[in-house]
**Student:** 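Okay, handing you the structure first.
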Amino acid sequence: MAAVAVHQFAQCITCHAWSPDHSMVAFCPNNNEVHIYKLVNDKWEKVHVLQKHDQIVSGIDWSGKSNRIVSVSHDRNSYVWNREGPEWVPTLVILRLNRAALCVRWSPKENKFAVGSGAKTVCVCYYEQENNWWVSKVIRKKHDSSVTSVAWHPNNILLATTSTDGKCRVFSTFIKGVDTRESKTGSSSDPKFGEQIVQLDLSSSWAFGVKWSPSGNTLAYVGHNSMIYFVDDIGPSPLAQNVAFCNLPLRDVLFVSEKMVIGVGFDCNPMVFAADKSGLWSFIRFLGEKKESLSGPKSGSQFSEAFGKLYAQAKHGLSNDTVEPSKIQGAVHDNCINCIALLNKKGSQTKRFSTSVFLFR
């Protein structure tokens, strides 16, 4: 397992995604552009700049089969980019949002993608060939605050969301004419589009990154209260576990196998969680140099160091010596990791992944 530090390309990255063959990476350098770099002779070279958005790009996803890029922005718009010869050509997406688009993910079959927004809604988009654009059906009146993350179940129908209202929800996204009935799961009565399958009220704070396990049997998401939640048997009676840790909160998660999860966030160091034979989840270790266990008064010291680090970086003219004591020895990152992405996998196990960092200024 190897971690690739994507922030070598830019000082500040809001999101990133990899091409199907992993030879190119697309990311937003904290502005309204999407930059695409390609690995040439063991060096990363900028090959494209996608310019269509008016405000900061907040989400990117690169489809693994159709080689299309979808981007969303605070300007409330989304575009699907298709490679035509040497250029990337944008296709319009009809979102009809009145607040920022915050996150986006392609479905496993890549015939749909989901957009979470600050308008408390989720747009599920599909292609209309007659008009050559992507239209959306909207899941409304379910969230009480901004939708921070979306994740597709392997069956291409169920969609998990997290929100700053502290809840994780699972919805049906079956669209007649787009999905086939054979792909629907469930009970005697098939769920309709937008029907809520379950609402998880496990977190007492904002909820962030959410992911399904490779089989779709387990759902994992994180809260801003330094906890990670694992849920099995999604439905009327889900089985939930939570793992609390004495470190800063996580922002995103990734299943590297059915029983192992990588969490990344404000501790600047990926954390490994695993389930034992009985299915009990626990924290295993940091991927960087292992930290000492924090308890009692040491927790306060950790908070002071983290706050001092952010404050020092926000002030102009401070030397690096001011913040160096807070840096985690042996860790690749020295700021909050806001995104983790699959790089390649073998079978059902992830062998490599990438991380990106947003630098506070």
**Student:** Shortest non-hydrogen contact from Thr14 to Val57?
**Tutor:**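 Between these two residues, the closest heavy atoms are OG1-O, 2.9 Å.
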**Student:** What distance separates Ile340 CD1 from Ile337 CD1, expressed to the nearest 0.5 Å?
**Tutor:** 8.0 Å
**Student:** So which atom in Ile197 and which in Ser172 form the shortest heavy-atom distance, rounded to 0.1 Å?
**Tutor:** CG1-N, 4.1 Å
**Student:** I need the Glu195 CD to Phe171 CZ distance, nearest 0.5 Å.
**Tutor:** 10.5 Å
**Student:** Any side-chain donor paired with an acceptor under 3.5 Å for Thr91 and Asn82?
**Tutor:** yes
**Student:** I'd like to know if the side chain of Ser73 reaches the main chain of Ile56, judged simply by a donor and an acceptor atom lying under 3.5 Å from each other, with no hydrogens or angles considered.
**Tutor:**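 Yes, Ser73 side chain to Ile56 backbone: donor-acceptor pair under 3.5 Å.
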**Student:** Just do the side chain to side chain contact (heavy atoms under 4.5 Å, CB included) check on Asn269 and Asn247 with the steps written out, would you?
**Tutor:** CA-CA 11 Å; Asn269 198 346; Asn247 301 95; over 6 Å; no
**Student:** For the residue pair Trp106 and Trp134, does the interplanar ring angle fall in the parallel (under 30°), tilted (30 to 60°) or perpendicular (over 60°) class?
**Tutor:**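 The rings of Trp106 and Trp134 stand perpendicular, inter-plane angle above 60°.
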**Student:** Main chain of Val124, side chain of Lys112: is a donor-acceptor contact present, judged purely on distance under 3.5 Å?
**Tutor:**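 No, because the side chain of Lys112 does not come within donor-acceptor range (under 3.5 Å) of the backbone of Val124.
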**Student:** Determine yes or no for a side-chain-to-main-chain donor-acceptor pair under 3.5 angstrom, with Ser78 supplying the side chain and Val72 the backbone.
**Tutor:**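 No; zero donor-acceptor contacts below 3.5 Å.
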**Student:** Which heavy-atom pair separates Ala240 from Leu202 by the least distance, and what is that distance?
**Tutor:**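 In this case the closest contact between Ala240 and Leu202 is CB-CD1, 3.8 Å.
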**Student:** Using the rule given for side-chain hydrogen bond (donor to acceptor under 3.5 Å, both in side chains), can you reason through Trp212 versus Asn217, listing the C-alpha separation, both sets of side-chain angles and the distance that settles it, and then say yes or no?
**Tutor:** CA-CA 7 Å; Trp212 294 90; Asn217 293 332; over 6 Å; no
**Student:** Would you please say whether a donor-acceptor pair under 3.5 Å links the side chains of Asn111 and Ser107?
**Tutor:** yes
**Student:** Classify the ring geometry of Phe230 against Trp281: parallel below 30°, tilted from 30° to 60°, perpendicular beyond 60°.
**Tutor:**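 Parallel: the ring planes of Phe230 and Trp281 meet at under 30°.
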**Student:** Without hydrogens or angle criteria, can the side chains of Thr218 and Asp232 be said to hold a donor-acceptor pair below 3.5 Å?
**Tutor:** yes
**Student:** When the ring centroid of His16 is compared with that of Tyr37, is the distance short of 6.0 Å?
**Tutor:** no
**Student:** Sub-3.5 Å donor-acceptor pair from the side chain of Arg169 to the main-chain atoms of Lys142, do we have one?
**Tutor:** yes
**Student:** Is the closest side-chain donor-acceptor distance between Glu258 and Ser215 under 3.5 Å?
**Tutor:**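 Yes - a donor-acceptor pair under 3.5 Å links their side chains.
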**Student:** For the residue pair Gln199 and Asp201, confirm or rule out a side-chain donor-acceptor distance under 3.5 Å.
**Tutor:** yes
**Student:** Have Asn77 and Asp54 got a donor and an acceptor in their side chains that come within less than 3.5 Å?
**Tutor:** no
**Student:** Which atom pair, heavy atoms only, marks the closest approach of Phe113 to Trp152?
**Tutor:** C-CZ2, 4.0 Å
**Student:** Rounded to the nearest 0.5 Å, what separation is found between the CE atom of Met271 and the CD1 atom of Ile262?
**Tutor:**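 If I round to the nearest 0.5 Å, the distance is 10.5 Å.
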**Student:** Keeping the roles fixed (side chain from Asn32, backbone from His53), state whether a donor-acceptor pair exists under 3.5 Å.
**Tutor:**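 Yes, because the side chain of Asn32 sits within donor-acceptor range (under 3.5 Å) of the backbone of His53.
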**Student:** Which atom pair, heavy atoms only, marks the closest approach of Gly263 to Leu250?
**Tutor:** C-CD2, 3.7 Å
**Student:** State whether the side chain of Ser203 and the backbone N or O of Ser205 hold a donor-acceptor pair below 3.5 Å, judged by distance alone.
**Tutor:**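 Flag set: sc Ser203 to bb Ser205 pair under 3.5 Å.
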**Student:** Closest approach of Lys137 and Tyr126, non-hydrogen atoms and distance?
**Tutor:** CG-CE2, 3.9 Å
**Student:** Is the side chain of Thr162 donor-acceptor paired with the backbone N or O of Phe208 at a distance under 3.5 Å, no angle test?
**Tutor:** yes
**Student:** Is Leu50 close to Ser71 at the side-chain level, that is, under 4.5 Å between some pair of heavy atoms?
**Tutor:** no
**Student:** Report the residue from Val243, Ile284, Ile228, Val272 that forms a side-chain contact (heavy atoms from CB on, under 4.5 Å) with Val261.
**Tutor:** Ile228
**Student:** Would you check if there is a donor-acceptor pair between the side chains of Thr148 and Trp206 at a distance under 3.5 Å?
**Tutor:**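 Result is no, nothing qualifies.
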**Student:** Does Lys120 pair with Asp165 as a salt bridge, N-O distance under 4.0 Å?
**Tutor:**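 Salt bridge between Lys120 and Asp165, a charged N being under 4.0 Å from a carboxylate O: no.
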**Student:** Strictly under 6.0 Å, is that where the ring centroids of Phe273 and Phe283 end up?
**Tutor:** yes
**Student:** Rounded to the nearest 0.5 Å, what separation is found between the CD atom of Gln55 and the CZ atom of Arg76?
**Tutor:**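 Result: 7.5 Å between the selected atoms.
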**Student:** Drop me the distance from Asn156's CG to Asp179's CG, to the nearest 0.5 angstrom.
**Tutor:**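 Spacing of CG (Asn156) from CG (Asp179) equals 5.5 Å.
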**Student:** Donor-acceptor pair, distance only, cut-off 3.5 Å: does the side chain of Arg83 make one with the backbone of Gly85?
**Tutor:** yes
**Student:** Is there a donor-acceptor contact under 3.5 Å linking the side chains of Ser163 and Ser145?
**Tutor:**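 No, no side-chain donor-acceptor pair sits under 3.5 Å.
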**Student:** Sequence neighbours left out, what passes side chain to side chain contact (heavy atoms under 4.5 Å, CB included) with Ile94? Give chain and number order.
**Tutor:** Leu92, Arg96, Trp133, Val135
**Student:** Look only at the side chain of Ser117 and the backbone of Arg99, and say whether a donor-acceptor pair between them is shorter than 3.5 Å.
**Tutor:** no
**Student:** First locate atom OG of Ser19, then atom CG of Leu39, and finally report the distance between them rounded to the nearest 0.5 Å.
**Tutor:**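 Ser19 OG to Leu39 CG: 10.0 Å, rounded to 0.5 Å.
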